[in-house]
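Here's the structure, in structure tokens; my notes come after.
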Protein chains: 2
Amino acid sequence: MKYSPLLAELISSLTCLPGVGNKTAQRMAFQLLERNREGGRTLSAALHNAMEHIGHCKQCRNFSENELCEICQHPQRSESEQLCVVESPQDVMAIEQTMAYKGTYFVLMGHLSPIDGIGPAEIGLDVLEKQITEGQYKEVILATNPTVEGEATAHFIGQLCQKHGVAASRIAHGVPIGGELEYIDGNTLTHAFSGRRAL
Amino acid sequence: MKYSPLLAELISSLTCLPGVGNKTAQRMAFQLLERNREGGRTLSAALHNAMEHIGHCKQCRNFSENELCEICQHPQRSESEQLCVVESPQDVMAIEQTMAYKGTYFVLMGHLSPIDGIGPAEIGLDVLEKQITEGQYKEVILATNPTVEGEATAHFIGQLCQKHGVAASRIAHGVPIGGELEYIDGNTLTHAFSGRRAL
């Protein structure tokens, strides 16, 4: 016996969510059908609206349903002389939560990865270069992830900045606050030593 | 900074799924937006269709988008003299996968639980009683879960059957196949001993 067509379709559609396999999808489908049809309807509408209407901010490439996202629209921030380059919208959220940065962002939506066919154009570096040359920016802060690809991307953008005479900086790598030296990996410790600052 | 309204709505709607908290919902939303918009659209449509069109089979109360589910429509099975009472649609699937039972089902969609306000009417025992009295059934197999509530429900339905002169049986409880005696809990072992059969 198979599930009825609509139920089978719901279960197989749910497996497109990350981390959801067949068993979890079944549990989700039955939970919604048995106990939360209203929630299922709301989710269906929210999914539809998000998939159809959320695009990218034309300035910073972050997700936004408007032409310009909230940060790029912000009167003070849009005049900032700092531009922070990050890999993903989640990174923007993480930095925003610190309340430590008041400039604008540029979201690459990925990192350079020639082996996957992701070159400078795929992560919008042409748009970024235009903003660096034409914009009001005095400093570009490179906040890509400290992975091999993230470092390569930062290096590439650093060279772009140099070409156009705009200062570029890389966020500091070192021992995280609250961490204990004995549990920190050697690579991070090496960075912490080479990046030491005079007191 | 908050997420844009549509994105925030999508994330909060996703948390209605069982086992999905805020962080997982964010990951799901970004995954769909960045890599799988088509999957998101399909899921939205599947959810909509399922929530609007899946109802209950009027005969067995299992989920079905038609008036009668596939099993109740089946020409041979609908004439069966056996009726198997289970708690949930998932139980029907589990039994169907064994291919060992060829009768019809009655799905309670729960179990008796007076403390939660779930009495005989809530789990459709009035419908079941009507089927027992009017139907062609010679045996009612009680396959509710071996929990306190499941046992109570089985006992209650057993008495219903007795009242109407229909034989009722309970599925066997004992040591599962492939299990090892030393790891089986005492309660199950007690059942296995009291339910022993002559060779």
Side-chain angles (χ1 to χ4, degrees), chain A residues 1-7 9-20 24 26-54 57 62-66 69-71 74 88-90 92-93 95-97 99 109-110, chain B residues 1-7 9-20 24 26-54 57 62-66 69-71 74 88-90 92-93 95-97 99 109-110:
Chain A
M1 182 225 180
K2 308 173 304 295
Y3 286 116
S4 72
L6 288 185
L7 190 49
E9 200 193 316
L10 174 59
I11 291 171
S12 86
S13 305
L14 279 166
T15 56
C16 81
L17 296 171
V20 175
T24 314
Q26 282 180 33
R27 195 160 63 91
M28 288 175 167
F30 283 118
Q31 156 90 12
L32 289 178
L33 283 169
E34 281 172 27
R35 303 211 179 81
N36 197 359
R37 295 221 176 198
E38 209 33 67
R41 283 191 198 102
T42 313
L43 175 56
S44 166
L47 268 169
H48 176 82
N49 287 337
M51 295 303 130
E52 297 302 330
H53 301 306
I54 293 183
C57 169
N62 200 349
F63 286 128
S64 172
E65 54 253 43
N66 303 315
C69 74
E70 220 174 289
I71 295 179
H74 194 281
S88 74
Q90 293 96 310
V92 174
M93 279 306 287
I95 297 174
E96 283 298 292
Q97 268 159 15
M99 316 266 270
M109 293 283 171
Chain B
M1 184 223 180
K2 308 172 306 295
Y3 286 117
S4 72
L6 288 184
L7 189 50
E9 200 193 315
L10 174 60
I11 292 172
S12 86
S13 306
L14 279 166
T15 57
C16 82
L17 296 171
V20 175
T24 314
Q26 284 181 32
R27 195 160 63 90
M28 289 173 166
F30 283 118
Q31 156 91 11
L32 290 178
L33 283 169
E34 282 172 28
R35 305 214 178 78
N36 198 358
R37 294 220 178 199
E38 209 32 69
R41 285 191 197 102
T42 313
L43 176 56
S44 167
L47 268 170
H48 177 83
N49 287 337
M51 296 303 131
E52 298 302 330
H53 301 305
I54 293 182
C57 168
N62 200 349
F63 286 127
S64 172
E65 55 253 43
N66 303 314
C69 73
E70 220 175 291
I71 295 179
H74 194 282
S88 73
Q90 292 97 311
V92 174
M93 279 305 286
I95 297 173
E96 283 297 293
Q97 268 158 17
M99 316 266 271
M109 292 282 170

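Lettering follows sequence order; numbering is per chain, from 1. Because the structure is a prediction, the values reported are computed rather than measured. All values below come from the heavy atoms of this structure, side chains included, with hydrogens, waters and symmetry mates left out.
With chain A as the partner, the residue from B/Leu7, B/Leu14, B/Leu33 showing the most heavy-atom pairs under 4.5 Å is B/Leu33. Contact count against chain A (heavy-atom pairs under 4.5 Å) is highest for B/Ile54 among B/Val20, B/Ile54, B/Ile11, B/Thr24. Residue with the most contacts toward chain A among B/Ser12, B/Cys16, B/Ser88: B/Cys16 (heavy-atom pairs, distance under 4.5 Å). Counting heavy-atom pairs closer than 4.5 Å to chain A, the top-ranked of the candidates B/Gln26, B/Glu65, B/Gln90 is B/Glu65. Put simply, of B/Ala46, B/Gly19, B/Cys69, B/Gly110, the one with the most heavy-atom pairs under 4.5 Å next to chain A is B/Ala46.
Between A/Leu10 and A/Met28, every side-chain heavy-atom pair lies at or beyond the 4.5 Å cut-off. Contact annotation: the side chain of A/Phe30 approaches that of B/Pro89 to within less than 4.5 Å [non-hydrogen atoms, C-beta and beyond].
Residue pairs meeting the salt bridge (charged side-chain N to carboxylate O under 4.0 Å, His left out) criterion with at least one partner in residues 31-41 of chain A, sequence neighbours excluded, are A/Glu38-A/Arg41, A/Arg41-B/Glu52.
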Take B/Leu47 and A/Leu47 through the side chain to side chain contact (heavy atoms under 4.5 Å, CB included) test and state the conclusion after the steps. CA-CA 10 Å; B/Leu47 268 170; A/Leu47 268 169; 4.0 Å; yes

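Not a single side-chain hydrogen bond (donor to acceptor under 3.5 Å, both in side chains) links B/Glu9 to another residue, sequence neighbours left out.
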